[in-house]
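Numbered from 1 within each chain, the chains take letters A, B, ... in sequence-line order.
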There are 2 protein chains.
Amino acid sequence: MAKKWVYLFDELDQAASYAGGGWEEVKGLLGGKGANLAEMTRLGLPVPPGFTVTTEACNSYLAEGMKFPEKMWEQQLAALAEVEKRAGKKFGDHAKPLLVSCRSGAKFSMPGMMDTVLNIGLNDDTVEGMIEATKDPRFVYDSFRRLIQMFGSVVMGVPDEPFEEIIGKARKSRGAKSDAELSADDWKVVIQKFKNVFLHHSHMPFPTDPFEQLHLATEAVFRSWNGKRAVDYREAAKIAHDLGTAVNIVAMVFGNMGATSATGVATTRNVTNGEKRIEGDYLINAQGEDVVAGIRETLPIEQMAVDMPETWKEFGQVCATLEQHYRDTQDIEFTVERGKLWMLQTRDAKRTAMAAVRIAVDMVEEGLITREEAVEKRVTTDQVDFFLHPQFNSQSKQAAKAEGRLLARGLNVSPGAAVGMVAFTADLAQSWAKKEGKKVIMVRPETKPDDVHGMLAAQGILTSRGGRTSHAALVARQFGKPAVVGVAALDIDLGRHQMTVGGQVINEGDWISVSGTTGEVFLGQLETMIPDISDPWLMKLLQWADDAARLQVWTNADYPHDARRAREFGARGIGLCRTEHMFFQPERLPLIQKLIMTNDPVERREALDALLPYQREDFSGLFREMNGLPVIIRLIDPPLHEFLPGLEMLLTQLADCKIKLQHARDLDEINELLKKIEEYQRVLKLVETLHEANPMLGLRGVRLGIRMPELTQMQVRAVFEAACQCAAEGIDVHPEIMIPLTAHANELKIQRNALETVAREVMEGRDMAIDYKFGTMIEVPRAALTADEMAEYAQFFSFGTNDLTQMVFGISRDDAEKGFLIDYMRREILPENPFVSIDEHGVAKIMGMAVESGRKTRPDLEVGICGEHGGDPKSIAICHKLGLNYVSCSPFRVPIARLAAAQIALKERRLSQEVRTAKGALVAG
Amino acid sequence: MAKKWVYLFDELDQAASYAGGGWEEVKGLLGGKGANLAEMTRLGLPVPPGFTVTTEACNSYLAEGMKFPEKMWEQQLAALAEVEKRAGKKFGDHAKPLLVSCRSGAKFSMPGMMDTVLNIGLNDDTVEGMIEATKDPRFVYDSFRRLIQMFGSVVMGVPDEPFEEIIGKARKSRGAKSDAELSADDWKVVIQKFKNVFLHHSHMPFPTDPFEQLHLATEAVFRSWNGKRAVDYREAAKIAHDLGTAVNIVAMVFGNMGATSATGVATTRNVTNGEKRIEGDYLINAQGEDVVAGIRETLPIEQMAVDMPETWKEFGQVCATLEQHYRDTQDIEFTVERGKLWMLQTRDAKRTAMAAVRIAVDMVEEGLITREEAVEKRVTTDQVDFFLHPQFNSQSKQAAKAEGRLLARGLNVSPGAAVGMVAFTADLAQSWAKKEGKKVIMVRPETKPDDVHGMLAAQGILTSRGGRTSHAALVARQFGKPAVVGVAALDIDLGRHQMTVGGQVINEGDWISVSGTTGEVFLGQLETMIPDISDPWLMKLLQWADDAARLQVWTNADYPHDARRAREFGARGIGLCRTEHMFFQPERLPLIQKLIMTNDPVERREALDALLPYQREDFSGLFREMNGLPVIIRLIDPPLHEFLPGLEMLLTQLADCKIKLQHARDLDEINELLKKIEEYQRVLKLVETLHEANPMLGLRGVRLGIRMPELTQMQVRAVFEAACQCAAEGIDVHPEIMIPLTAHANELKIQRNALETVAREVMEGRDMAIDYKFGTMIEVPRAALTADEMAEYAQFFSFGTNDLTQMVFGISRDDAEKGFLIDYMRREILPENPFVSIDEHGVAKIMGMAVESGRKTRPDLEVGICGEHGGDPKSIAICHKLGLNYVSCSPFRVPIARLAAAQIALKERRLSQEVRTAKGALVAG
């Protein structure tokens with residue numbers, strides 16, 4: 001017996017048993033559209049009779065040199081006969097001609113595949129029959145000309161232009177504004193001309209034989225699988241090339257047969273806000289394409305309740321059935337032919353982030369799906385991200401584009417939309433924002449630590465240089481500021497306070513709009529809309545996520561207000577407080593500079609004593625916000641020269657002074673200049689001494705703590721004084737001291753000894769006991785390789801995967817991201833940016849070794865990750881698999897991380913359950 | 001029964017059976033001196049009767065609060081009785097008084113322990129008896145005053161000064177020039193005064209009871225184990241503190257009993273050149289200390305053949321017996337008392353490097369030891385190193401020190417001695433050396449790649465900055481140039497062409513002498529001596545080493561003359577040819593600069609075409625020298641900016657020009673300056689573009705090859721053109737192309753594909769087939785972690801442990817070695833410099849992973865190491881254990897590496913044999 005290539009819509013069970021699996025396999029065989037039509041048929045919903053030619057037939061056709069597989073055509077004819085029987089019509093029959101549509105339908109929805117051909121079965125003869133039956137010659141001729149055009153363009157590749165031209169001329173000669181004004185006779189003339197066009201371009205006459213029409217249409221669908229657009233799309237979307245497409249042949253139904261006919265589209269719930277209410281549009285006495293084309297104004301779907309109450313009732317039941325069955329909001333096409341409802345398509349509806357969250361939560365509460373399913377499958381982390389950042393209103397964006405106000409695109413490094421006036425310096429940005437209440441976008445070639453006050457005051461950040469983990473990008477993400485970086489097209493002239501892009505000059509103070517979500521930069525002010533994190537459905541979903549997750553989500557926060565926000569977002573601790581950020585504040589920077597520049601122990605002591613109360617207050621603030629939760633405080637990390645002016649700037653300033661000195665005539669001025677030169681030379685000498693060829697690998701982290709023990713001792717003193725003070729106020733404090741950049745266990749030993757002594761001193765002096773830990777960053781490969789030794793002195797590990805990635809790859813992030821790394825990703829030498837998602841083969845491997853050997857030494861070792869990767873869902877999945885206790889990320893990533901942590905836990909649980917079930921089945925079998 | 005604390009010299013078997021092991025255990029119990037005295041006794045050699053109090057007794061004494069262990073003193077008395085019996089004398093007896101010496105003797109020779117006390121047993125009474133017996137009152141009184149002084153100083157801590165003062169006065173009052181002129185009566189007076197000094201300082205009279213003398217001397221030896229000097233020495237030499245010292249009590253024999261008595265020291269072979277001939281000094285009618293003290297002129301030992309032929313014959317036999325027994329050259333002390341030879345000490349003789357090699361080889365040929373033992377145990381790698389570098393003659397050095405010409409000390413980074421005139425620039429060094437035939441020492445604050453021509457022309461290199469792996473140190477070691485770097489005391493004023501050190505000004509052209517072996521810098525010219533690598537004994541030893549080794553030794557060589565030298569030194573291949581060194585040569589640098597600076601494809605092509613023949617000649621030269629051996633050529637590695645002038649220099653020059661411009665009045669000059677400024681600005685812009693925050697982790701290695709494929713393609717073309725050309729001449733060529741700094745297998749894949757295409761093109765064009773390989777450096781941690789993937793595209797791995805160590809530790813070598821790393825080693829945070837010896841816990845671990853997983857993919861993967869560690873014996877041992885195929889090091893380290901490779905192989909074999917033997921014994925038992 002020949003293989004079965006064709007399945008009637010009511011042969012779903014046969015198809016499923018042949019496909020030998022679940023719904024995915026059925027979709028693989030029948031395509032998404034065909035499977036859903038069959039499924040609706042099985043549910044007893046009103047689907048016009050029809051059948052599906054399988055994807056296997058397509059694959060065979062393509063493999064065998066464009067030959068239908070054996071018996072396929074015969075099976076199609078048999079199925080068609082069955083359809084004729086059920087429709088009570090006959091294909092090619094004069095009196096009661098059956099018309100069918102022919103559509104492609106692959107497993108995954110895929111642009112670039114063949115479009116629909118409607119009305120197959122019409123020819124000069126059946127047209128006559130149809131006219132007799134419908135008494136509506138205009139409708140029938142219109143249908144016929146559509147067939148010729150669709151068939152020509154879709155099946156034979158005839159261009160649309162000659163067809164459009166003919167219609168245009170016909171309208172003109174009639175003085176008609178729209179096609180609707182053309183009469184049956186007009187269409188008759190058009191049809192003749194269409195046939196000529198068809199002949200001219202196809203070198204064959206329009207096929208009058210309905211079976212030939214069907215044959216050719218089926219072949220065209222098959223061939224379209226290997227069309228260039230389809231292949232390109234599959235490449236880009238990583239869809240396998242051997243899936244093939246199915247072909248769906250469905251008996252035509254008509255919504256344009258008078259006042260009791262209609263056609264429409266609907267979703268079973270509101271896909272914008274998620275409300276449980278059918279939403280859609282429909283038209284009475286119209287065909288499907290008219291609803292989409294916008295020729296006539298559509299009616300809101302609830303109008304059906306008035307216009308055709310019976311059908312509305314039935315429609316409501318159909319929607320309910322579909323939701324019950326598919327357990328998700330459906331996107332539906334339907335037609336009413338003389339009062340009879342026909343379902344033409346159903347599929348899971350696309351929806352906004354807000355709708356996705358509300359629908360998921362509502363469906364749990366309606367009992368349609370489980371909490372686990374809602375958390376794992378119904379909402380993506382990107383959708384949660386949406387809640388955290390304002391976005392440009394899409395109308396406003398489209399208008400701006402139309403007006404040519406899209407200036408450039410760059411890297412979308414921190415999502416959200418921002419509108420403001422261009423400010424080219426941090427000071428100006430701060431003064432405009434703070435003193436004048438202006439909205440500001442800070443624009444710089446790139447940013448540095450002493451630009452942070454300006455960045456904080458700005459609405460958004462725009463730079464012409466730098467990559468995804470440049471300073472600007474990191475700070476922006478940390479503070480949830482929309483940012484676009486690396487916009488190479490921007491030519492910033494700081495001297496003139498202006499920038500040029502594509503010949504357009506933008507001055508300081510001009511308005512621009514920046515989308516950190518898309519990387520777009522617009523001229524002028526676009527409208528924004530702000531979603532809401534306190535959305536009750538989101539809160540509920542994330543609560544369920546926390547219940548499901550194994551990984552906790554902590555946050556990186558340096559200031560109390562960050563801590564507060566992160567806690568609101570659900571953070572369960574602070575995984576990283578970068579104490580050096582505190583040193584960059586204007587009143588503190590001179591103190592740390594003095595500390596670095598003096599050799600006088602008294603001056604050092606004074607500087608440290610002056611810094612102590614600042615740090616103590618910093619920590620008190622954090623402890624108060626995080627009452628009851630752990631707070632990991634990392635001791636000073638960056639190289640000292642970061643606190644001093646740059647070499648190049650000093651050299652330039654020194655040269656300037658010397659030139660000025662050549663011209664100076666006034667004695668006071670000369671003295672002034674000489675003094676300046678001396679000071680510059682002094683600083684220059686120190687900067688030269690501190691200069692390192694590779695500062696990333698230089699005197700920083702624990703090395704600094706060992707070199708300048710007074711500094712880290714001051715920090716630890718501040719931590720414990722703050723902790724004691726807060727504890728005395730009744731706050732529940734859990735400080736954890738983290739030592740950065742360790743490479744050898746001895747570094748940890750020596751630092752911990754020195755620092756724990758200070759901690760005990762403070763606690764004993766106040767007769768208090770604080771619950772504390774000492775631990776280390778694992779960010780140097782050697783620390784990971786010798787984790788067993790590190791764990792002897794560390795009560796916790798926190799992976800610093802930024803630096804670890806840099807060292808494991810031998811890549812300097814800042815240099816590489818504006819250089820070869822971009823090229824590497826473009827050429828797919830690297831599958832993805834390892835600074836965005838943890839590199840699984842290299843970095844994750846060494847992390848895994850560290851977790852395992854660290855816990856061998858200390859089974860209760862607390863292990864986490866801080867830094868950018870902690871907020872990346874792929875990386876979170878890796879952290880889950882490696883058995884970490886928590887991930888720590890910037891406050892604005894916390895909700896995303898909570899969902900990601902839950903999703904990987906649920907996925908793991910589900911898969912292991914599936915394995916168990918399969919094993920059970922095997923045993924039972 | 002009480003434990004045995006005391007062993008007579010003829011109780012060695014009992015001691016050995018108690019110690020329960022081999023010779024090491026016996027030495028542990030009896031100390032080195034005691035064990036050797038007992039061993040000589042067992043061999044039937046003439047040793048005076050005596051006994052040893054064990055190290056265990058010492059430990060017990062110290063542990064039990066300075067109490068002799070139970071029965072120890074009784075055992076000492078019993079042993080003493082036995083000694084009395086054999087000596088036919090009695091301790092404390094008037095008529096025939098036995099005198100003994102008391103000496104400490106730990107397992108390892110150790111300064112800071114108690115010295116000898118001779119003549120124990122003398123008091124006023126026994127002195128009288130001795131005088132009666134010897135008829136030599138002067139000798140006996142002299143002996144007594146020595147006992148009082150030695151006992152006072154050594155046992156009671158009386159200072160030497162009052163004793164010396166008394167003798168001085170006695171000499172003065174007698175008008176005597178030396179002690180020898182003092183009479184017996186003079187000594188009698190001295191003895192009385194000595195007793196008073198003893199009483200005054202010890203608060204007790206000099207003990208007249210010989211047993212009390214012995215008791216106190218024994219205790220003093222025990223206590224000296226915990227003396228400050230001894231403890232400090234053990235700390236420094238890493239000797240365990242719980243070994244304890246033994247005490248040796250020996251019957252005194254006297255070499256000063258007339259013309260048939262004598263005393264002397266000898267070695268059984270010449271310890272300077274290794275000749276097989278007894279060497280030594282002796283004195284007739286003298287006591288041991290007189291030989292050492294240099295009061296009388298000693299006689300060469302062969303004079304004994306004339307003076308006392310019988311004893312000489314016996315002495316020769318004793319020496320032969322000792323060599324036969326100890327299987328090594330012995331260092332001997334002896335006394336002849338009235339024609340009777342007594343052996344007082346024997347131990348393995350210290351020797352020069354030359355002697356060590358010759359003795360080892362001779363002894364193999366004499367059948368005394370095996371080749372394996374000679375290679376593994378008789379010669380150290382440091383001794384082989386000695387052969388490769390000139391050294392200062394020690395008299396000349398002592399004289400210079402005495403004259404205050406030792407200027408400073410720095411890091412001894414490249415061994416050998418060099419004498420020359422100071423030159424402060426590379427050009428001057430080259431011109432003086434090449435054109436004027438002067439010997440030059442190049443002195444710089446630090447060196448750079450464009451100083452290399454001056455360094456090559458110089459005798460030696462001296463810098464005031466930089467560490468063990470600074471540019472100067474690396475280049476110096478590479479070319480075997482003696483070098484001292486990081487001499488912080490040097491203040492170099494390049495502008496004035498002079499340097500200052502400790503207030504002394506040294507001008508360009510002044511002579512200095514630099515020892516890269518010791519790190520010393522001298523003013524003036526010291527005499528040097530040059531050992532000889534072609535020493536036939538060394539050649540033979542290294543041949544045996546090669547037979548024993550599992551690891552091959554290859555060399556790092558960039559130029560044919562390096563390759564030739566390395567081959568003479570025994571290299572079996574080139575493991576690293578750094579092609580970029582070739583680009584720094586004056587005629588090529590402009591070409592590579594042009595290549596970097598132009599965007600014009602024609603100019604690029606021209607630059608590449610001009611470089612190609614140079615590179616081809618470079619490689620031809622190497623292939624010719626290495627006929628039949630593999631040559632690994634590494635493609636260009638360093639960041640491009642290394643080929644351009646430095647940013648700081650450019651900025652300074654630019655500023656200078658601008659200042660000059662302010663003053664310029666002449667139009668030509670102004671135009672000239674403007675042109676210069678423009679050019680500087682152009683280069684500056686490029687340098688700024690190429691500037692990287694961390695160049696070590698930047699655009700270099702394979703990243704460069706991927707960015708500028710024409711450059712590496714030119715290099716590979718040059719390699720294969722040279723290979724074909726040489727092969728056509730009948731040379732056996734084996735090029736291996738090495739791709740540096742890979743981190744991901746895709747980099748290797750893409751580069752290898754592109755380059756192998758070029759290789760095939762060249763070979764096909766000439767219709768030749770060359771035996772070649774493609775491989776990669778493993779120097780980025782990720783490459784090691786993903787070695788299984790790398791090995792898919794690499795036919796060989798070569799560990800670049802310099803960079804690997806930098807990345808595994810997160811340490812920038814150049815920065816760290818002049819900074820915190822020194823401090824880390826001083827404080828023992830790091831046990832040793834990981835850039836000198838491979839870090840076993842971190843770097844070696846990841847290397848081991850790479851070897852294992854690389855060979856899993858490709859079982860015949862060739863694995864080696866290039867770079868500094870390849871010449872370090874400790875690192876070579878690690879490479880052996882990791883199963884590498886070869887180590888590659890600079891030519892001057894090749895002989896050392898050959899020995900080191902053999903030593904670890906032999907050690908491994910020996911240990912596994914010992915384990916097998918032990919297992920066998922267990923089974924048999």
Side-chain angles (χ1 to χ4, degrees), chain A residues 647-648 651-652 654-655 658-659 662-663 688 691-699 701 703-704 706-707 741 743-747 749-750 779-783 785-786 789 803 806-816 819-820 823-824 827-831 834 839 841-843 845-846 849, chain B residues 647-648 651-652 654-656 658-659 662-663 688 691-699 701 703-704 706-707 741 743-747 749-750 779-783 785-786 789 803 806-816 819-820 823-824 827-831 839 841-843 845-846 849:
Chain A
L647 180 69
E648 198 173 337
L651 282 173
T652 312
L654 190 59
K658 284 183 180 169
I659 292 173
Q662 304 270 335
H663 293 271
E688 278 174 346
H691 174 74
E692 294 177 310
N694 298 288
M696 220 270 292
L697 307 177
L699 182 63
R703 299 162 192 175
L704 212 53
I706 288 175
R707 172 66 67 91
L741 209 77
H744 196 290
N746 284 345
E747 293 173 309
K749 180 179 170 184
I750 208 170
E779 53 186 335
V780 172
R782 195 179 184 285
L785 289 167
T786 59
E789 297 168 16
D803 274 5
Q806 295 196 84
M807 293 182 207
V808 165
F809 271 87
I811 286 179
S812 170
R813 191 178 63 196
D814 285 345
D815 297 330
F820 69 90
D823 195 41
Y824 266 37
R827 298 176 61 180
E828 295 191 350
I829 295 173
L830 289 179
D839 158 52
H841 289 213
V843 176
K845 191 174 194 178
I846 205 172
M849 290 168 57
Chain B
L647 180 69
E648 198 172 337
L651 282 172
T652 312
L654 191 59
D656 278 358
K658 283 183 179 167
I659 290 172
Q662 304 270 337
H663 294 271
E688 278 174 347
H691 175 76
E692 295 177 309
N694 299 287
M696 220 270 292
L697 307 178
L699 182 62
R703 299 163 193 175
L704 212 51
I706 287 174
R707 172 68 66 93
L741 209 77
H744 196 289
N746 284 346
E747 293 173 310
K749 181 179 169 185
I750 207 170
E779 55 187 334
V780 172
R782 196 180 183 283
L785 289 167
T786 60
E789 297 169 17
D803 274 5
Q806 295 195 84
M807 294 181 206
V808 165
F809 271 88
I811 285 181
S812 170
R813 190 178 63 196
D814 286 346
D815 297 331
F820 68 90
D823 195 41
Y824 266 36
R827 297 175 64 180
E828 296 189 351
I829 295 173
L830 288 179
D839 158 52
H841 290 213
V843 176
K845 191 174 194 178
I846 204 172
M849 290 168 58

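A:His841 touches chain B through backbone and side chain together, each having a heavy atom under 4.5 Å away. Within the 4.5 angstrom heavy-atom criterion, no atom of A:Asp803 approaches chain B. For B:Ile829, the parts lying near chain A are the backbone and the side chain together; criterion is any non-hydrogen pair under 4.5 Å. Heavy-atom distances place both the backbone and the side chain of A:Leu699 under 4.5 Å from chain B. When heavy atoms are compared at a cutoff of 4.5 Å, B:Asp656 does not approach chain A at all. For A:Glu828, the part sitting under 4.5 Å from any heavy atom of chain B is the backbone (N, CA, C, O) and nothing else. Contact of A:Leu651 with chain B is made through the side chain alone, with heavy-atom distances under 4.5 Å. With a 4.5 angstrom heavy-atom cutoff, A:Ile706 touches chain B via backbone and side-chain atoms both. Of the atoms belonging to A:Glu692, heavy atoms from both backbone and side chain fall under 4.5 Å from chain B.
Most heavy-atom pairs under 4.5 Å with chain A, from the set B:Lys749, B:Met849, B:Lys658, B:Glu789: that is B:Glu789. Among B:Ile659, B:Val808, B:Leu741, the residue with the largest count of heavy-atom pairs under 4.5 Å with chain A is B:Val808. Between chain B and the residues A:Ala693, A:Ala655, A:Gly698, the largest count of heavy-atom pairs under 4.5 Å involves A:Ala693. Among the candidates B:Gln806, B:Lys845, B:Gln662, the residue making the largest number of heavy-atom pairs closer than 4.5 Å to chain A is B:Gln662.
Rounded to the nearest 0.5 angstrom, A:Leu830 CG and B:Asn746 CG are separated by 7.5 Å. Atom CD1 of B:Ile811 sits about 9.0 Å away from atom CZ of A:Arg782, to the nearest 0.5 Å. In this structure, B:Asp839 CG and A:His744 NE2 are separated by 6.5 Å, a value rounded to the nearest 0.5 Å.
A donor-acceptor contact shorter than 3.5 Å is absent between the side chain of A:Asn694 and the backbone of B:Leu697.
Closest of all the heavy-atom pairs between B:Phe809 and A:Ala743 is O-CB, 3.6 Å.
None of A:Glu747, A:Arg707, A:Arg703 except one satisfies the side-chain hydrogen bond (donor to acceptor under 3.5 Å, both in side chains) rule with B:Tyr824; the exception is A:Glu747.
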